[in-house]
Amino acid sequence: MKTIADIIVESYIENLILPSEPLSPIWNRENSVFQKPAKWNYIDNCMIKAVTMLYELTGNNQLLEYAINFTDAYICDGSIPTMRTEDFNLDNINGGKNLIYLFRKTGEKRYRKSLEKIYSQLERQPRLENGNFWHKAIYPYQLWLDGIYMAFPFMAEYAEISGTDIYEDIYSQLENVRRLMCDRKTGLYFHGYDEKRSQCWANAETGLSSEFWLRAMGWFCAGLADLCGIVQKNHRLYTLCAEMLVGLLESLTACTNPDGTLCQLPAKPKADGNYTETSGTLLFAYSAVKSADMGISGKNILTAGLNAFSSVTEKYISPEKIPVLKNICLMAGLGGAENRDGSEKYYLSEKVVSNDAKGIAPYIMAYVEIKKRQS
């Protein structure tokens with residue numbers, strides 16, 4: 001008998017994902033809200049990652065064909081015309097995971113050439129004095145938590161297919177993230193760190209932003225979980241990732257609402273205007289279930305992940321022809337042209353939307369991990 005989650009995922013596949021044209025996907029709300037032209041971006045690549053995960057679970061060839069056709073619309077003769085490596089945007093690295101997957105699946109050289117372009121950016125990526133990547137060229141001397149998910153699992157997979165020894169680089173950068181960005185009282189991680197202490201959002205003494213933003217920590221959890229699924233267990237990078245993952249999952253579990261969800265600002269559930277944010281809740285669910293399946297975390301974290309997924313399914317998705325996943329923070333950042341100050345007021349003022357890929361993709365990712373447990 002089909003569950004509600006089964007029906008939701010099937011409806012998304014049939015009525016939202018497969019009908020979406022690669023250059024104008026229905027799920028990319030940022031493009032539609034801000035009328036952005038189609039280009040290589042992390043949002044669409046999150047969805048394609050979820051599609052390939054669902055393909056591995058179900059064997060539905062339509063999903064693999066869609067992932068191939070979608071990706072092929074953005075690459076040409078080993079290049080990615082709409083991606084500028086000189087932007088040094090870590091978000092753009094995220095799609096490299098799909099290129100590695102498709103290269104392994106098909107053996108087609110165009111994917112290998114394109115993923116090499118992705119890696120060439122990282123070889124030249126500007127770094128902080130401590131060795132960590134800048135988040136983007138437009139955010140110099142800044143380390144953002146969500147960049148870990150975008151770049152590090154790709155780096156680990158690239159090491160596997162190329163024989164390049166970059167595990168120690170990942171290890172060093174993660175150690176710096178823990179040392180600089182982890183709050184010792186709560187175990188939560190701050191969104192950003194400014195090496196120069198010059199940004200409007202940066203604490204003059206620590207260089208840190210002032211708040212714990214849920215989705216940044218959600219991406220971070222997912223990145224650590226994915227790294228644990230790639231790196232050999234006898235390597236010290238695996239041990240570090242597992243320790244950091246369990247620590248953050250336990251800290252987020254302590255912040256969950258009575259229904260198992262998490263707020264946009266999880267450390268301040270009673271703040272005026274705070275709300276259940278579904279994309280971050282689902283990234284938490286995905287990471288919690290995956291970590292338990294790998295034997296990294298215990299029953300309490302597994303239960304928290306399953307409860308989070310169940311509550312989003314029951315309370316925050318309307319069962320229509322195209323299900324409507326609500327309460328997704330469209331975007332949030334620090335500084336920039338908008339002078340975003342990283343305050344509580346700022347994070348609670350950002351636009352909230354429905355059916356953006358930043359929520360739907362983690363829903364499918366968590367669904368796949370849960371179904372794998374049941375098979």
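Computed from heavy atoms alone, side chains included, the values below leave out hydrogens, waters and symmetry copies.
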Within a 6.0 Å radius of atom CG on Leu23, are there more than 12 heavy atoms belonging to other residues, nucleotides or ligands? yes

If you measure from CG on Asn327 to OG1 on Thr278, what distance do you get to the nearest 0.5 Å? 5.5 Å

When you compare the side chains of Thr313 and Tyr363, does any donor N or O come within less than 3.5 Å of an acceptor on the partner? yes

Provide the closest heavy-atom pair for Gly187 versus Ser251 in the form atom of the first, atom of the second, distance. CA-OG, 3.3 Å

With a 3.5 Å cut-off and no angle check, do the side chains of Ser172 and Asp169 form a donor-acceptor pair? no

Among side-chain atoms of Gln125 and Trp134, is any donor-acceptor pair under 3.5 angstrom? no

Do Thr186 and Asp183 have side-chain N/O donor and acceptor atoms under 3.5 Å apart? yes

Side chain Asp341, main chain Tyr346, donor-acceptor under 3.5 Å: no

Using distance alone, with no hydrogens and no angle criterion, decide if Tyr119 and Glu123 have a side-chain donor and acceptor under 3.5 Å apart. no

With sequence neighbours excluded, tell me which residues meet side chain to side chain contact (heavy atoms under 4.5 Å, CB included) with Val352. Tyr275

Of all residues at least two apart in sequence or in a different chain, which pass the salt bridge (charged side-chain N to carboxylate O under 4.0 Å, His left out) check with Glu243? Arg178

Distance only, no hydrogens: is a donor on one side chain within 3.5 Å (strictly under) of an acceptor on the other, for Glu65 and Asn69? no

Is it true that atom NZ of Lys117 has more than 12 heavy atoms of other residues, nucleotides or ligands lying nearer than 6.0 Å? yes

Are more than 12 heavy atoms, taken from residues, nucleotides or ligands other than Glu338, located less than 6.0 Å from that residue's CD atom? yes

State which residues pass salt bridge (charged side-chain N to carboxylate O under 4.0 Å, His left out) with Glu116; sequence neighbours excluded, sorted by chain then number. Arg112

Looking at Phe88, does the NZ or CZ of Arg124 lie under 6.0 angstrom from its six-membered ring centre and within 45 degrees of the ring axis? no

Could you tell me if the side chain of Ile148 sits less than 4.5 Å from the side chain of Leu174, heavy atoms only? yes

Would you mind reporting whether Leu143 and Glu195 have side-chain heavy atoms less than 4.5 Å apart? no

Are any non-hydrogen side-chain atoms of Tyr193 and Ser209 less than 4.5 angstrom apart? no

Nearest heavy-atom contact between Arg29 and Ser354 is NH1-O, 2.9 Å

Is there side-chain contact between Ile230 and Pro153, with at least one heavy-atom pair below 4.5 Å? yes

From Trp27 CH2 over to Ser32 OG, what is the distance, rounded to the nearest 0.5 angstrom? 12.5 Å

Sequence neighbours left out, what passes side chain to side chain contact (heavy atoms under 4.5 Å, CB included) with Arg104? Give chain and number order. Ile100, Glu157, Glu160, Ile161

Using 30° and 60° as the class boundaries, would you call the ring planes of His135 and Trp144 parallel, tilted or perpendicular? parallel

From Met244 CE over to Cys182 SG, what is the distance, rounded to the nearest 0.5 angstrom? 7.5 Å

Working to the nearest 0.5 Å, report the span between CG of Asn98 and NZ of Lys49. 7.0 Å

Is it true that, when you exclude Lys345 itself, more than 12 heavy atoms of the residues, nucleotides or ligands shown sit nearer than 6.0 Å to its NZ? no

Of Leu262, Leu252, Leu283, which is the lone residue that meets side chain to side chain contact (heavy atoms under 4.5 Å, CB included) with Met217? Leu252

Give me the atom names and distance for the closest heavy-atom approach of Gly335 to Trp201. N-CD1, 3.3 Å

Scan side-chain atoms only and decide if Lys97 and Tyr101 contain a donor-acceptor pair under the 3.5 Å cut-off. no

For the residue pair Ser79 and Asp77, confirm or rule out a side-chain donor-acceptor distance under 3.5 Å. no

Tell me whether Tyr141 at atom OH has more than 12 heavy atoms from other residues, nucleotides or ligands lying less than 6.0 Å away. no

Just checking Gln62: does its CD atom have more than 12 heavy atoms from other residues, nucleotides or ligands closer to it than 6.0 angstrom? no

Taking the inter-plane angle between the rings of Phe133 and Phe152 on a 0 to 90° scale, is it parallel (under 30°), tilted (30 to 60°) or perpendicular (over 60°)? perpendicular

Note: Met47 and Ile17 closest approach over all heavy atoms is SD-CD1, 3.8 Å

For Gln232, does the CD atom sit with more than 12 other heavy atoms under 6.0 Å from it, leaving out its own atoms? no

I'd like to know if the side chain of Tyr286 pairs up with that of Asp226 as donor and acceptor (distance under 3.5 Å, no hydrogens or angles considered). yes

Should the heavy atoms of other residues, nucleotides or ligands under 6.0 Å from CD of Glu86 be counted, would the total exceed 12? yes

Within a strict 4.5 Å, meaning less than it, do heavy atoms of the Ile4 and Pro319 side chains meet? no

Do Tyr139 and Asn89 get their side chains close enough for a donor-acceptor pair, meaning under 3.5 Å? no

Measure the spacing between OG1 of Thr71 and CH2 of Trp40 and express it to the nearest 0.5 Å. 6.0 Å

Do Leu249 and Ile296 come within less than 4.5 Å of each other through their side chains, counting heavy atoms only? no

Centroid separation Tyr149 to Phe220 less than 6.0 Å: no

Determine whether the aromatic ring centres of Phe212 and His191 lie less than 6.0 Å apart. no

Is there side-chain contact between Trp213 and Cys329, with heavy atoms separated by less than 4.5 Å? yes

Taking all non-hydrogen atoms of both residues, which atom of Ala357 and which atom of Ile43 are closest, and how far apart? CB-CG2, 3.7 Å

Shortest non-hydrogen contact from Asn15 toward Lys321: ND2-O, 3.0 Å

Grouping I, L, V, M, F, W and Y whenever their side-chain heavy atoms are under 4.5 Å apart, do Val324 and Val312 come out in a common cluster? no

Within one Ile-Leu-Val-Met-Phe-Trp-Tyr cluster: Ile360 and Val289, side-chain cutoff 4.5 Å: yes

Who passes side chain to side chain contact (heavy atoms under 4.5 Å, CB included) against Ser198, sequence neighbours left out? Asp194, Lys196

Looking only at the side chains, is there a donor atom on one of Asp44 and Asn41 sitting less than 3.5 Å from an acceptor on the other? yes

To the nearest 0.5 Å, what is the distance between CG (Asn203) and OG (Ser210)? 9.0 Å

Answer yes or no on whether Lys105 is positioned over the face of Tyr55, meaning its NZ or CZ is under 6.0 Å from the six-membered ring centre and within 45° of the axis. no

Can you confirm whether the side chains of Asn355 and Tyr12 place a donor and an acceptor under 3.5 Å from each other? yes

Which residues pass the side chain to side chain contact (heavy atoms under 4.5 Å, CB included) test with Ser279, sequence neighbours left out? Arg215, Glu277, Ile328

Sub-3.5 Å donor-acceptor pair from the side chain of Asp146 to the main-chain atoms of Trp219, do we have one? no

State, yes or no, whether a side-chain contact exists between Met53 and Ile364 at a heavy-atom distance under 4.5 Å. no

Assess whether a salt bridge exists between Lys268 and Glu211, defined as any Lys/Arg side-chain N lying under 4.0 Å from an Asp/Glu carboxylate O. yes

Quick test of your reading of the model: are Asp87 and Lys136 salt-bridged, counting only N-O distances below 4.0 Å? no

